[in-house]
Amino acid sequence: MRSTSTDGDAMFLTFREHVKKLLTEALGQCEYPSSDLALTVKPGYADLTSLIAFKLAPVLKLAPQEIARNVTQHLGSDELVARAEASGPYVNFFVSDDYLRRTLSAVLEEDQNYGRVDAEGVVILEHTSANPNGPLHIGHVRNSVIGDTLARCLRQAGYRVETQYYVNNMGRQIALVVWGIMNFELNGQRKSDHATADIYVKANADVEVHPTKLGEIRQLMQRFESGDRDVACLFKDAVEFCLRGINQTLKSLHVSHDRYVWESEFLDDIDGIIDELKSHGVAESDGSTHVDLSSFGIGKDLVVRRSDGTSVYATRDIAYHVWKAGRCNRMIDVLGADHKLNALQVGKVLELLSINAPEVVFFEFVSLPEGSMSTRRGHFVSADEVLEKVTEKAYDEVDKRRPTLSEQEKRAIAQAVGIGATRYDLLKVSTDKPMVFDWTEALDFERQGGPFLQYAHARASNILKKTTFDYQYEPELLTDEYEIKLIKLCAQFPAVIEDVTVNLSVSVLASYARELAEAFNQFYRFMPVLSAEPEMRSARLALVTCARVVLRNVLNCLGIEPVDSM
RNA sequence: GGGCUCGUAGCCUAGUCAGGAUAGGGCACCGGCCUCCUAAGCCGGCGGUCGAGGGUUCAAAUCCCUCCGGGUCCGCCA
């Protein structure tokens with residue numbers, strides 16, 4: 001069954017375009033001025049609503065109700081827009097049967113590509129970028145999961161995405177690790193990132209008691225920047241050692257980076273950038289070199305080179321962004337909210353260099369009930385620890401519900417469910433909300449969390465594996481409210497993906513996933529599939545197939561494994 | 001002290017950028033549903049001065065101002 005659509009397969013977006021066209025035509029016939037169409041979605045009333053009567057009322061000096069009535073009388077319909085009706089001041093639009101039919105065929109045809117919108121070009125998305133001085137903690141994971149999910153959505157939309165991990169390999173923190181490795185014994189039994197943290201905590205404590213040792217740290221940093229090969233090797237080894245462990249954790253979270261970019265690679269670019277800033281007349285020298293950003297409302301000058309001639313983090317970060325900007329159409333960073341000022345400064349300097357500032361997604365901190373986390377003091381809940389406990393809990397749940405499954409199957413499901421629950425918990429909350437990590441909450445699989453979504457997918461899979469669907473079906477048989485609701489939600493998916501990629505907000509995807517799973521569970525409860533009459537059975541099998549495709553695509557975008565059984 | 005940000009039922013949270021029809025969910029609590037495709041599910045109930053006070057508007061959780069409370073930033077650190 002091939003789609004005959006010429007408008008693309010994002011049915012809801014196409015429907016919206018049709019509404020715009022019809023509404024604009026109606027305005028012309030009424031001889032009303034063109035205006036903001038003010039389209040909005042308000043489920044329960046209509047598939048799309050225009051508030052245009054409110055907008056025109058003051059201009060026309062007419063009651064909104066009257067305007068809505070007049071507009072509606074002149075509104076035509078087409079193959080996707082079945083009808084429009086005025087409800088008081090609101091102009092409500094309703095989708096046609098053809099809309100539903102085409103949604104089904106679009107999903108079936110597009111399959112894993114369903115959700116694609118016309119997004120083109122290359123996106124470089126930087127996320128995680130944690131200092132390699134210890135394991136990722138639950139706060140870093142919030143960054144990773146947001147970044148990874150955005151990357152997945154951008155890819156689904158049609159972008160070519162390169163994810164990057166910016167490795168801070170030349171700071172004081174890494175120098176402390178290197179110094180620590182030289183002075184303390186590394187525990188070879190521990191996972192490498194945890195062993196690194198042990199050393200880092202010890203080094204910090206030691207330096208605090210013996211401040212004179214700070215000179216050794218400073219010396220290490222200077223030798224590294226001045227190009228000392230032996231020291232560079234020590235730094236490189238220490239960073240790679242820790243990164244191995246971090247990478248392992250990311251992998252188990254279904255997070256991957258296409259490229260690790262080392263901070264030290266940009267040392268050579270710094271002179272050129274500072275020269276260019278001078279030629280713009282904004283860099284002044286009085287020992288150090290600094291940029292006046294007061295015209296951007298930033299009171300303090302940004303130092304771009306120390307008076308001793310060494311580079312600073314900010315300048316290396318600027319160089320990194322200059323490099324990235326030349327290689328992509330969209331440059332996106334996922335950063336903790338504590339980086340807001342830094343990011344603003346980097347962005348403004350880039351603008352001075354005639355380069356667009358990156359789009360930055362900020363997220364607020366994850367803290368512990370007893371306060372904020374600190375790698376330095378060893379106060380943190382590591383991602384590994386969370387995953388281990390959550391997976392263990394998930395195993396208990398599987399074991400309880402599906403005692404007959406093989407050990408291997410139980411383990412696999414527990415792994416998928418544990419990670420899904422963790423990722424979803426971090427994604428569902430708006431990024432500008434601080435979170436408090438709580439073990440009880442993390443281990444309590446909420447009713448409409450990750451497992452809820454996976455369960456809906458598993459149920460769909462379960463129906464489909466009991467039969468074969470031959471793609472012959474009569475879509476007009478699907479008229480029940482639960483069926484219609486499910487189809488309409490399937491139709492929304494590309495619009496949701498577009499929303500995510502435009503606004504860079506992952507929580508809307510999380511909400512959508514929850515609604516879709518809920519709609520499927522309702523359908524599952526009230527609409528028998530396998531036991532239905534042959535024609536109805538085929539039609540519902542088509543819908544189950546569609547729902548499963550969309551559920552699977554949503555779960556993939558969320559980085560949650562769509563399991564077939566749980 | 002200044003900047004940024006958050007404050008929605010006992011607890012957690014969507015919606016706020018682009019103001020509009022009964023403020024969506026979840027946890028907890030109460031009551032139903034497994035001779036029926038996996039009950040990690042479905043249905044119903046209880047619970048809201050959208051931090052407080054002003055303002056703008058035909059219309060404010062949403063915009064503006066003040067205040068209160070939490071977070072965070074304000075290094076020639078990274």
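Each chain gets a letter, A, B and so on, in the order the sequences are listed, and its residues count up from 1.
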Practice task
For Asp396(A), report the nucleic acid contact type (base, sugar-phosphate, nothing); a contact means any heavy atom under 4.0 Å.
Solution key: nothing

Problem - Geometric cation-pi criterion, Arg83(A) with Phe93(A): 6.0 Å, 45° - result: no

Practice task
Remember a base hit wins even if backbone is also touched, and classify Ala458(A) as base, sugar-phosphate or nothing at under 4.0 Å, heavy atoms.
Solution key: base

Practice task
Quick one: label Phe362(A) by what it contacts on the DNA or RNA (base, sugar-phosphate, nothing), any heavy atom closer than 4.0 Å.
Solution key: nothing

Handout entry: Nearest-neighbour nucleotide for the Val312(A) side chain, G75(B), A21(B), A78(B) considered
Key = A78(B)

Problem - Arg423(A)-Thr149(A) side chain donor-acceptor pair, cut-off 3.5 Å - result: yes

Practice task
For G24(B), take OP1 and OP2 only and decide whether either is under 4.0 Å from a side-chain N or O of Lys42(A).
Solution key: no

Exercise for the section: Describe the nucleic acid contact of Val398(A) in one word from base, sugar-phosphate, nothing, applying a heavy-atom distance below 4.0 Å. Expected result: base

Problem - Any N/O donor-acceptor pair, Ser307(A) side-chain to C76(B) base, under 3.5 Å - result: yes

Exercise for the section: Select base, sugar-phosphate, or nothing to describe what Ser430(A) touches, counting heavy atoms under 4.0 Å on all strands. Expected result: sugar-phosphate

Practice task
Determine: side-chain N/O of Gln173(A) to OP1/OP2 of C77(B), distance under 4.0 Å, yes or no.
Solution key: no

Exercise for the section: Answer yes when Arg16(A) and Glu498(A) have at least one side-chain N-carboxylate O distance shorter than 4.0 Å, and no when they do not. Expected result: yes

Completion exercise
Out of C43(B), A14(B), A40(B), minimum distance to the side chain of Ile413(A) belongs to A40(B)

Practice task
Using a heavy-atom cut-off of under 4.0 Å over every strand shown, decide if Asp301(A) touches base, sugar-phosphate, or nothing.
Solution key: nothing

Handout entry: P gap between C37(B) and G47(B), integer Å
Key = 37 Å

Exercise for the section: Select one nucleotide: of C37(B), G26(B), A40(B), the one nearest the side-chain heavy atoms of Val417(A). Expected result: A40(B)

Fill in the blank from the handout: C46(B) -> Watson-Crick or G-U wobble partner, both distances under 3.5 Å, gives none

Exercise for the section: Choose from C33(B), A14(B), A21(B) the nucleotide whose nearest atom is closest to any side-chain atom of Ser511(A). Expected result: A14(B)

Handout entry: Validation row, ring centre Phe452(A) to ring centre Phe445(A) under 6.0 Å
Key = no

Problem - Of the listed nucleotides G41(B), C77(B), U72(B), the one nearest the side chain of Arg172(A) - result: C77(B)

Handout entry: Closest nucleotide among C37(B), G20(B), A78(B) to the Phe54(A) side chain
Key = G20(B)

Exercise for the section: Name the residue closer to the 5' end of RNA chain B, choosing between Thr40(A) and Met527(A) according to the nucleotide with the nearest heavy atom. Expected result: Thr40(A)

Handout entry: Nearest-Å distance once atom C1' is located in both C67(B) and A78(B)
Key = 37 Å

Practice task
Report which part of the nucleic acid Phe452(A) touches: base, sugar-phosphate, or nothing (heavy-atom distance under 4.0 Å, all strands).
Solution key: sugar-phosphate

Practice task
Ignoring backbone atoms, establish whether Arg306(A) has a side-chain N or O less than 4.0 Å from OP1 or OP2 of A78(B).
Solution key: yes

Problem - Base-pairing assignment for G19(B) (Watson-Crick or G-U wobble, both under 3.5 Å) - result: none

Exercise for the section: Could you tell me which residues satisfy side-chain hydrogen bond (donor to acceptor under 3.5 Å, both in side chains) with Ser129(A), sequence neighbours excluded, listed by chain and number? Expected result: Glu126(A)

Handout entry: Atom pair CD (Glu263(A)) and CE (Met170(A)), whose distance is rounded to the nearest 0.5 Å
Key = 6.0 Å

Completion exercise
So, with a heavy-atom separation below 4.0 Å from RNA chain B, the residues of residues 334-342 of chain A are Asp338(A), Lys340(A), Leu341(A), Asn342(A)

Problem - G71(B) base stacked by Phe365(A) (centroids within less than 5.5 Å, tilt under 30°) - result: no

Practice task
Please work out which of the three classes, parallel, tilted or perpendicular, describes the rings of Phe224(A) and Phe235(A), given edges at 30° and 60°.
Solution key: parallel

Handout entry: Nearest to side-chain heavy atoms of Ser507(A), which nucleotide of A21(B), A14(B), A40(B)
Key = A14(B)

Practice task
Indicate, with a heavy-atom threshold strictly under 4.0 Å, whether Thr310(A) touches base, sugar-phosphate, or nothing.
Solution key: nothing

Handout entry: U8(B) to G25(B) separation - C1' atoms, rounded to the nearest Å
Key = 12 Å

Handout entry: G7(B) and A52(B), which share atom name P, separated by this distance in whole Å
Key = 12 Å

Fill in the blank from the handout: The Watson-Crick or G-U wobble partner of C11(B), with both key distances under 3.5 Å, is G26(B)

Handout entry: Any-strand Watson-Crick or G-U partner of C76(B), both distances under 3.5 Å
Key = none

Handout entry: Spacing of the P atoms in G53(B) and G45(B) (rounded, Å)
Key = 31 Å

Handout entry: Candidates U72(B), A18(B), C42(B) - which lies nearest the side chain of Asn521(A)
Key = C42(B)

Practice task
Please work out if Arg305(A) contacts a base, only the sugar-phosphate, or nothing of the nucleic acid, heavy-atom cut-off 4.0 Å.
Solution key: nothing

Exercise for the section: Looking at every strand, decide which applies to Met435(A) at a 4.0 Å heavy-atom threshold: base, sugar-phosphate, or nothing. Expected result: nothing

Practice task
Considering just the side-chain nitrogens and oxygens of Lys433(A), establish if one lies under 4.0 Å of OP1 or OP2 belonging to G7(B).
Solution key: yes

Problem - Short side-chain N/O contact to A40(B) OP1/OP2 from Arg401(A), under 4.0 Å - result: yes

Handout entry: Nearest-Å distance once atom P is located in both A23(B) and U49(B)
Key = 13 Å

Problem - Contact under 4.0 Å: Tyr455(A) side-chain N or O vs A40(B) OP1/OP2 - result: yes

Fill in the blank from the handout: When both distances are under 3.5 Å in a Watson-Crick or G-U wobble arrangement, the nucleotide paired with U62(B) is none

Practice task
Salt-bridge test for Lys428(A) and Asp425(A): reply yes if a basic N is under 4.0 Å from a carboxylate O, no otherwise.
Solution key: yes

Practice task
Anything under 30° is parallel, anything over 60° is perpendicular, the rest tilted; go ahead and classify Tyr482(A) against Phe526(A).
Solution key: parallel

Handout entry: Polar side chain donor-acceptor pair, Thr310(A) to Arg305(A), under 3.5 angstrom
Key = no

Practice task
May I ask you to say what Ser367(A) touches in the nucleic acid, namely base, sugar-phosphate or nothing, with a heavy-atom cut-off under 4.0 Å?
Solution key: nothing

Practice task
May I ask you to say what Asn131(A) touches in the nucleic acid, namely base, sugar-phosphate or nothing, with a heavy-atom cut-off under 4.0 Å?
Solution key: sugar-phosphate

Practice task
Measure from the side-chain heavy atoms of Glu263(A) and tell me the nearest of A78(B), G25(B), U72(B).
Solution key: A78(B)

Exercise for the section: State the syn/anti category of C42(B) according to its glycosidic angle, syn meaning within 90° of 0. Expected result: anti

Problem - Distance between P atoms of G20(B) and A61(B) (Å, rounded) - result: 9 Å

Handout entry: Nearest to side-chain heavy atoms of Val429(A), which nucleotide of C42(B), C37(B), A14(B)
Key = A14(B)

Handout entry: Donor + acceptor pair across side chains of Asp333(A), His321(A) (<3.5 Å)
Key = yes

Problem - Span that lies between the P atom of U16(B) and that of U62(B), in whole angstrom - result: 12 Å

Problem - Complementary nucleotide of G41(B), counting Watson-Crick and G-U pairs under 3.5 Å - result: C33(B)

Exercise for the section: Can you run down the side chain to side chain donor-acceptor pair (under 3.5 Å) pairs that involve residues 524-539 of chain A, sequence neighbours left out, and say none if there aren't any? Expected result: Thr467(A)-Arg537(A)

Handout entry: Short side-chain N/O contact from Arg540(A) to OP1 or OP2 of C37(B), under 4.0 Å
Key = no

